[in-house]
Amino acid sequence: MHEHIRRRCLKLGELLLETRATVRALARSTGYSKSTVHKDLTERLPNVDGELAREVAEVLAYHKAIRHLRGGEATRDKWRRTRTGPGGCKEPAAPKS
């Protein structure tokens with residue numbers, strides 16, 4: 001493994017533990033692609049630093065366990081933003097003639 005890839009894996013692993021961010025957020029903040037970040041953390045990091053890889057795996061497992069909740073929150077927020085009528089309900093559609 002090239003030295004710059006090894007350093008990138010360590011940097012991403014430490015940053016993930018520091019911020020507890022998702023892979024997507026970590027990719028956005030570092031400028032790497034989501035695929036690169038995920039591969040570095042799941043496949044390459046265990047070969048570089050086993051202890052750090054175990055800690056990172058715990059954070060990734062937590063994010064995977066709650067991702068269905070985050071998706072539900074995002075959908076709920078989206079629907080709340082689109083409601084326009086009184087009481088938060090959409091106005092009924094006008095009858096077609």
Side-chain contact, heavy-atom cut-off 4.5 Å: Val37 with Arg24? no

Holding to salt bridge (charged side-chain N to carboxylate O under 4.0 Å, His left out), I want the full list of residues that pass it with Lys34, two or more places apart in sequence or in another chain. none

When clusters are formed by joining ILVMFWY residues with side-chain heavy atoms under 4.5 Å apart, either directly or through shared neighbours, do Leu69 and Leu60 land in the same one? no

Mind checking the NZ-OG1 spacing from Lys78 to Thr75? Nearest 0.5 Å is all I need. 7.0 Å

Review item, side-chain donor-acceptor pairs of residues 11-22, under 3.5 Å, at least two apart:
residue: Thr19; atom: OG1; partner: Leu15; partner atom: O; Å: 2.9
residue: Thr19; atom: OG1; partner: Ala21; partner atom: N; Å: 3.3
residue: Thr22; atom: OG1; partner: Ala25; partner atom: N; Å: 3.1

State whether the number of non-hydrogen atoms from other residues, nucleotides or ligands found under 6.0 Å of Arg70 atom CZ is greater than 12. yes

CG (Leu10) and CG (Asp40) are apart, to the nearest 0.5 Å, by 10.0 Å

Reported CZ-to-CD distance for the pair Arg80 and Glu73, which is rounded to 0.5 angstrom: 9.5 Å

For the backbone of His38 and the side chain of Thr42, can you confirm whether one donor and one acceptor N or O come within less than 3.5 Å of each other? yes

To the nearest 0.5 Å, atom CE of Met1 lies from atom CZ of Arg8 at 9.5 Å

N/O donor-acceptor pairs under 3.5 Å from side chains in residues 52-59, not counting sequence neighbours:
residue: Arg54; atom: NH2; partner: Glu51; partner atom: OE1; Å: 3.2

How about Ile5 and His2: do any of their side-chain heavy atoms sit closer than 4.5 Å? yes

